[in-house]
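Note that the structure is a prediction, hence the values are computed from the model and not measured. Side chains are part of it too, since the values below use all heavy atoms of this structure and drop only hydrogens, waters and symmetry mates.
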Amino acid sequence: MNLQKLILTKNPCYIKGEKITPCGILWHSSGANNPNLKRYVGPDDGLLGVNLYGNHWNRPDATLCGHAMIGKLKDGSIATYQTLPYDVRCWLSGSGSKGNANTLGYIQFEICEDNTKNEDYAMAVYQEAVEFSAYICKLYGLDPLGKNRHGLPVVL
């Protein structure tokens, strides 16, 4: 795992700073054909590359924020960026019949999607996501095959 840290301190989610007690992990796909971390994480720290459009999520008008992002660095290698403290409620999940993962306490991350035709990229980000999930489970004493305090799977 290549874990980096760039907290999105200008994002309203970070500024609001609502606390959670982590109870699980929720994987997301960005759903957009852009595998580059610089699209979501900024400013450039020397590894990310410059986002020419300034549309990363570290801005006061951003409406989304996760705990981490997995995707490509400017050199093409794969990394995970922590973007929120793990005990701060993120803004990624929608609500379903069992609640909202944001308020339930799930640590959530996005996998920067590509055109879904590159098997090597898919396997590399999947491996990174597995290793990041194992890291979070160990950090919080979570059983990846178990249920959390809400009776829901630890990993979604």
Side-chain angles (χ1 to χ4, degrees), residues 1-43 45 48 51 53-73 78-114 116 121-122 124-156:
M1 177 176 60
N2 180 5
L3 182 58
Q4 305 294 323
K5 188 175 186 178
L6 198 157
I7 302 299
L8 305 181
T9 57
K10 294 179 182 172
N11 187 295
C13 177
Y14 172 82
I15 293 167
K16 192 168 186 180
E18 294 179 311
K19 296 294 184 181
I20 60 167
T21 301
C23 71
I25 305 158
L26 180 57
W27 294 31
H28 290 262
S29 167
S30 62
N33 184 3
N34 190 338
N36 300 301
L37 284 162
K38 68 182 177 184
R39 163 57 186 93
Y40 303 95
V41 183
D45 62 356
L48 290 164
N51 178 328
Y53 306 103
N55 59 350
H56 54 69
W57 292 356
N58 195 15
R59 2 178 275 276
D61 62 339
T63 59
L64 295 169
C65 194
H67 294 100
M69 301 291 301
I70 297 174
K72 283 186 182 180
L73 295 170
I78 303 302
T80 301
Y81 267 76
Q82 179 185 356
T83 52
L84 273 180
Y86 300 131
D87 66 345
V88 169
R89 177 185 172 197
C90 78
W91 295 350
L92 281 183
S93 173
S95 293
S97 63
K98 307 239 179 189
N100 180 299
N102 300 341
T103 57
L104 293 173
Y106 278 84
I107 293 173
Q108 300 175 53
F109 65 88
E110 292 272 3
I111 297 174
C112 299
E113 195 171 292
D114 67 350
T116 69
Y121 177 74
V125 292
Y126 179 80
Q127 181 65 37
E128 187 77 9
V130 168
E131 291 176 16
F132 179 66
S133 296
Y135 166 77
I136 293 296
C137 284
K138 187 173 181 182
L139 188 64
Y140 288 98
L142 302 171
D143 176 0
L145 301 176
K147 304 264 181 173
N148 61 27
R149 65 180 178 271
H150 305 292
L152 299 170
V154 167
V155 179
L156 297 173

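Within 6.0 Å of OH on Y14 lie no more than 12 heavy atoms contributed by other residues, nucleotides or ligands.
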| message | Evaluate Y86 against Y140 for side-chain contact (heavy atoms from CB on, under 4.5 Å), listing each step before the verdict. | response | CA-CA 10 Å; Y86 300 131; Y140 288 98; 3.3 Å; yes
| request: Run the numbers on W57 and E110 for side-chain contact (heavy atoms from CB on, under 4.5 Å), then give the verdict. | output: CA-CA 12 Å; W57 292 356; E110 292 272 3; 4.1 Å; yes
| said: Go through it in stages, so that I can follow the logic: the residues are I78 and Y121, the test is side-chain contact (heavy atoms from CB on, under 4.5 Å), and I'd like the CA-CA distance, side-chain angles, deciding distance and then a yes or no. | reply: CA-CA 9 Å; I78 303 302; Y121 177 74; 3.6 Å; yes
| said: For a side-chain contact (heavy atoms from CB on, under 4.5 Å) check, start with the C-alpha distance between R59 and K10, then their side-chain angles and the critical distance, and finish with the verdict. | reply: CA-CA 5 Å; R59 2 178 275 276; K10 294 179 182 172; 5.5 Å; no
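The structure places CG of L104 at 8.0 Å from OG of S93, a figure rounded to the nearest 0.5 Å. Summarising the geometry, atom CG belonging to N11 is positioned 6.5 Å from atom CG belonging to L84; distances are rounded to the nearest 0.5 Å. L37 contributes atom CG, which lies 10.0 Å from atom OG1 of T83 (distance to the nearest 0.5 angstrom).
Residues Y81 and L48 are in side-chain contact: their nearest non-hydrogen atoms beyond the backbone lie under 4.5 Å apart. Between Y40 and M69, the closest side-chain pair of non-hydrogen atoms falls below 4.5 Å. Looking only at side-chain heavy atoms (C-beta outward), F109 and I136 stay at 4.5 Å or farther from each other. Side-chain contact between C112 and I70 is absent, with no heavy-atom pair separated by less than 4.5 Å.
Judged by distance alone, the side chain of E131 and the main-chain N or O of M1 form a donor-acceptor pair under 3.5 Å. Using a distance-only test at 3.5 Å, with no hydrogens or angles considered, a donor-acceptor pair links the side chain of N58 to the main chain of T9. Side-chain atoms of Q82 do not come within 3.5 Å of backbone N or O of I7 as any donor-acceptor pair. The main-chain N or O of L152 is never found under 3.5 Å from a side-chain atom of H150 such that the two would form a donor-acceptor pair. In terms of modelled atom types and a separation under 3.5 Å, the side chain of S30 and the main chain of E113 share a donor-acceptor contact. Although no hydrogens or angles enter the test, the distance criterion places no donor-acceptor pair under 3.5 Å between the side chain of N148 and the main chain of V154.
For residues 30-40, no pair satisfies salt bridge (charged side-chain N to carboxylate O under 4.0 Å, His left out), with sequence neighbours left out.
Here the rule is side-chain contact (heavy atoms from CB on, under 4.5 Å) with C65, and of N102, L8, L92, I15 only L8 fits it. For the pairing with Q108, the side chain to side chain donor-acceptor pair (under 3.5 Å) check across R89, H28, H67 returns one residue only, H28.
With sequence neighbours left out, N36 forms a side-chain hydrogen bond (donor to acceptor under 3.5 Å, both in side chains) with N34.
Annotation: W27 is not in aromatic contact with F132 [ring centroid separation under 6.0 Å not met].
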